[in-house]
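Notes follow the structure.
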Amino acid sequence: MNKFVKLSDKLSDVMAKISAVILGLMSILILVEIFIWNLFEKTTLIADEYSAYGLAAIIFMGAGYCLKEKSHIRITLVLGFLPQKAARVITFFATLITTFFMGYLWWYLFKMVGSAIRYESTSGTLTNTPLWIPQAIMLVGAGCFFIQLAATTLKTWQAISTKEEVV
Amino acid sequence: MEAELLFMSIVVFGVLFIALSAGIWVGFSLFIVGFVGMTLFSSLPAGNNMASSAWATIEKWEYVALPLFILMGEILYRSGISEKLFKALVPWLYRLPGGLLLMNIVSCTLFAAVSGSSAATTATVGRITLAEFDKLGYDRSLSMGSLAGAGTLGFLIPPSLIMIVYAILAEVSIGKMFMAGILPGLLLAAIYSAYIIYRGIRNPEIAPQSQDSYSWSDRLLGLKDLAPTLILILVVLGSIYGGFATPTEAAALGVFGAFVFAALNRQMTMKILFECLIGAVKTNAMIMLIVVGAGFLSRVMGFLGIPAAITLAITQLNLSPYMLMLLLGGVYLVLGCLLDGFSIVVMTLPIALPMVTAAGFDPIWFGIYLILMVEVSQITPPVGFNLFVIQGLTGEPIMNIARYALPFFFLMLLTTAILTVFPQIALYLPELMVTK
C-alpha cells in the first residue's frame with residue numbers, strides 16, 4: 001500500500017517537472033512570437049494555439065503535484081467543529097468520492113479523445129493540428145491526477161488511525 | 001414551473017453546501033454539483049458534457065496569461081525586489097507622520113502593479129517590512145493591519161489573476177478590466193495612507209522617528225533601486241494600455257523582464273528558475289481546477305435556467321440599484337468569511353452578473369466591485385488568505401491579525417461605497433484605452 005503511495009508521489013513529481021518544462025517552453029514561444037513579429041513582421045503561426053495546448057496539458061499534469069503538496073483549496077471550517085475522528089472519517093469518504101468522480105471524468109475524457117481520433121477532428125487553424133494529440137496529453141495528466149487521488153484516499157484511510165495531516 | 005425551479009435551486013445549492021462542508025476540494029465540489037444537477041434535471045449526458053466543458057475551458061489562449069503572471073510573481077518573489085523597494089522608499093517616507101508604516105502601502109501598491117495576487121504581494125512586502133518595523137519599535141497592530149489591508153491591492157491593481165478569471169467568465173476584455181482597476185487601486189491606497197498619517201499625527205508613538213537622516217542626494221540616488229519595478233510596470237501595463245500587446249503577451253514580456261532583473265540582481269540560477277516554474281505550475285493547477293469545475297457548473301446552471309429565474313425574482317422585488325448592491329455586498333461579506341477569492345468569483349458570477357447587468361450596471365464596473373469584495377474576503381476570518389500569510393510570517397494568531405486589520409476592512413467598504421456612487425472611477429481609463 002505504501003509502495004503505491006510512494007510511486008504515485010514520484011509520478012506527480014515527474015509530471016510537475018514535465019509541466020515546468022512545458023511552461024518554460026510556452027513562455028519562450030510567446031516571446032519568440034513577439035520579437036519576430038515586431039522585428040521582422042513574421043509569425044510562428046502556432047504561438048497562440050500551442051501555448052493554449054500547453055496550458056491544457058499542465059493543468060492536470062500539475063494537479064497531482066498540487067494535491068500532494070496539499071495546495072488545492074478545500075473548506076475545512078465545518079470539519080473543524082467536528083470531533084477529530086469524525087472529521088478524519090469524513091475526509092476519507094470525501095477523498096474516496098472525489099477519486100471515483102475523477103475516474104468517471106477520466107473515462108469521458110478518454111471517450112472524447114477516442115471521438116477526436118474516429119472523426120479525425122482537427123483544430124481548424126492554419127496548422128490543422130489533429131485534436132487528439134493535445135487532448136491525449138491532457139488525458140495522460142488527468143490519469144496521473146487520478147492515481148494521485150487514489151493514493152491520497154489511501155493516505156486519508158491510514159490517517160484515521162495515525163492521525164496524520166495528509167490533505 | 002416556479003416550484004420546479006425552486007426545487008432545483010434548493011437541490012443544487014444543498015449539494016454544493018454538503019460537498020464543500022465535507023471538505024471535498026472546491027473544484028470537484030463544483031463538478032459534482034453540476035453532475036448532480038444535470039443528471040437529475042435534464043436528459044443530457046452529464047459525462048460527455050463534463051469532458052467537453054473541461055476541454056473548452058482549459059484550452060483557451062486568454063487563460064495562458066494566468067500561469068505566465070504567476071511565473072512572473074514567483075520570479076519576482078525570489079528576485080530581491082522587495083529589498084530594493086524598501087531601500088529606495090525609506091528616504092522619502094521616514095519623516096512623514098506614521099513614518100515607515102506608509103512603506104507597507106507604497107510598496108504593496110508598487111508591487112501589486114507587477115504581481116497578480118494578494119497573497120504574493122503580502123508575502124513579498126511583509127517579509128521585509130514586518131521585521132524592520134519590529135526593530136524600529138513600531139505599533140505591531142498597525143504594522144500588521146496595514147500590511148493585511150495593503151496586500152489586498154495585489155488583486156485590484158493590475159495585473160491581477162482574479163481579473164483574468166473574471167474577464168473570461170464575464171466575457172469582457174482582460175485589458176479593459178486591468179485598466180479599470182488602476183484608479184480604484186490608487187484611491188484605496190490613498191485612503192489607507194491618509195488613515196496612517198492621521199493615526200501618526202494623533203499618536204506619534206505608533207511609529208517612533210528613527211535617528212537616521214537622509215539628504216536629497218540619498219533620495220535621488222535611491223530612485224535607481226525603484227527603476228526595475230517601474231520599468232516592469234511600464235512594460236506590462238504600458239503595452240496593454242497602448243494596445244501593443246495582449247495581456248498574455250504582456251505577461252510573457254513581464255516574465256522576461258522579471259528574469260532579466262533577477263539575473264542582474266544575481267538572484268537567478270537554473271535551480272531557482274526551475275523552482276519558480278514548479279511553483280507556477282502548482283498555483284496554476286490550484287486556480288484552474290476551480291475554474292474548470294466552475295465552467296461546467298455554469299453551463300449546467302444556465303441550461304437549467306437557475307440564474308435567469310433568480311434574476312427575474314430579484315427584478316420583481318423592484319430594488320433600487322444601490323439597494324441591490326448593498327444586498328449583494330452583504331452576501332459577499334458572508335461568503336468572504338468562508339471562501340477564498342477565486343471560489344467566490346466563479347461560484348457567484350453566473351447568478352450575480354445577469355442580475356447586476358439587468359439593473360443597469362456595467363460588467364467591467366461590477367468586476368471591480370466584486371474584486372473589492374474579494375479583497376475584503378482576504379482579511380475576514382476564519383478564511384482570509386492575507387491573514388494566513390501574515391500568520392506564516394509572524395506566528396501571530398489569526399483572530400489578532402483580523403482585529404488589527406479591522407480599520408482597513410472598514411476603509412475597503414468605504415472605497416466600495418465611493419466606487420458605487422462614482423462608477424467613473426473604474427470606467428474612465430478603460431473608455432480611453434486602445435485594445436489589441
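Here is the naming used below: chain letters follow the sequence lines, and residue numbers restart at 1 for every chain.
Across B:F274, B:Y63, B:F256, the residue that shares the most heavy-atom pairs under 4.5 angstrom with chain A is B:F274. Of the residues considered (B:N49, B:I287, B:L68), B:L68 shows the highest number of contacts with chain A, using heavy-atom pairs under 4.5 Å. The candidate from B:L277, B:T248, B:L253, B:L338 with the greatest count of non-hydrogen atom pairs under 4.5 Å with chain A is B:L277. With respect to chain B, the highest number of heavy-atom pairs below 4.5 Å among A:I58, A:I22, A:L131, A:L105 belongs to A:L105. The choice from B:V255, B:L339, B:T57, B:L289 that makes the most heavy-atom pairs within less than 4.5 Å of chain A is B:L289. Of the residues considered (A:A63, A:A47, A:S71), A:S71 shows the highest number of contacts with chain B, using heavy-atom pairs under 4.5 Å. In terms of non-hydrogen atom pairs under 4.5 Å with chain B, the most contact-rich of A:P134, A:G64, A:S115, A:G54 is A:P134. Your options are A:I73, A:V167, A:L55, A:T98, and the one with the most heavy-atom pairs under 4.5 Å with chain B is A:I73. Ranked by non-hydrogen atom pairs under 4.5 Å with chain B, the options A:Y104, A:W107, A:Y65 are led by A:Y104.
Heavy atoms closer than 4.5 Å to chain A are found in both the backbone and the side chain of B:V26. Heavy atoms of B:F385 lying under 4.5 Å from chain A belong exclusively to its side chain. Neither the backbone nor the side chain of A:I28 comes within less than 4.5 Å of any heavy atom in chain B. In this structure, the portions of B:F31 lying under 4.5 Å from any heavy atom of chain A include both its backbone and its side chain. Within the 4.5 angstrom heavy-atom criterion, no atom of A:T76 approaches chain B. Only the side chain of B:I290 comes within contact range of chain A, with heavy atoms under 4.5 Å apart. Proximity to chain B is absent for every atom of A:L82, based on heavy atoms less than 4.5 angstrom apart. For B:L273, no part sits under 4.5 Å from any heavy atom of chain A, backbone or side chain. Only the side chain of A:L149 comes within contact range of chain B, with heavy atoms under 4.5 Å apart. Only the side chain of B:D340 has a heavy atom closer than 4.5 Å to any heavy atom of chain A.
Summarising the geometry of B:A252 relative to A:I30, their closest heavy-atom pair is CB-CG2, 3.6 Å, with the distance given to 0.1 Å. Nearest heavy-atom pair, B:V64 versus A:S51, reported as atom, atom and distance to 0.1 Å: CG2-O, 3.7 Å. Closest approach of A:C66 and B:A285 over heavy atoms only: CB-CB, 4.2 Å. Counting all heavy atoms, side chain and backbone alike, B:A280 lies closest to A:L23 at CB-CD2, 3.7 Å. Residues B:V281 and A:G62 come closest through the heavy atom pair CG1-CA, 3.7 Å. Counting all heavy atoms, side chain and backbone alike, A:S27 lies closest to B:L71 at OG-CD2, 3.8 Å.
A:Y108 has its side chain out of reach of B:M50: every pair of non-hydrogen atoms, C-beta onward, lies at least 4.5 Å apart.
In this structure, CD on A:Q135 lies 8.5 Å from CD on B:E59, to the nearest 0.5 angstrom. Between atom CD1 of residue B:I24 and atom CZ of residue A:F93 there is a gap of 12.0 Å, rounded to the nearest 0.5 Å. Atoms CH2 and CD, on A:W37 and B:E249 in that order, are 10.5 Å from each other to the nearest 0.5 Å. Summarising the geometry, atom CD1 belonging to A:I34 is positioned 13.5 Å from atom CZ belonging to B:F244; distances are rounded to the nearest 0.5 Å. Atom OG1 of B:T283 and atom CD of A:E69 lie 11.0 Å apart (nearest 0.5 Å). One distance of note links CG of A:D48 with OG1 of B:T246; it measures 7.5 Å at 0.5 Å rounding.
Within 6.0 Å of NZ in A:K17 there are 12 or fewer heavy atoms belonging to other residues, nucleotides or ligands. The environment of CZ in B:F388 is crowded: more than 12 heavy-atom neighbours from other residues, nucleotides or ligands sit within 6.0 Å. B:F17 CZ: 12 or fewer foreign heavy atoms inside a 6.0 Å radius.
Using a 30° and 60° split on the angle between ring planes, B:W55 and A:Y53 fall in the parallel class, below 30°.
For an aromatic pair to be called close, the ring centres must be under 6.0 Å apart, and A:F145 with B:F28 satisfies this.
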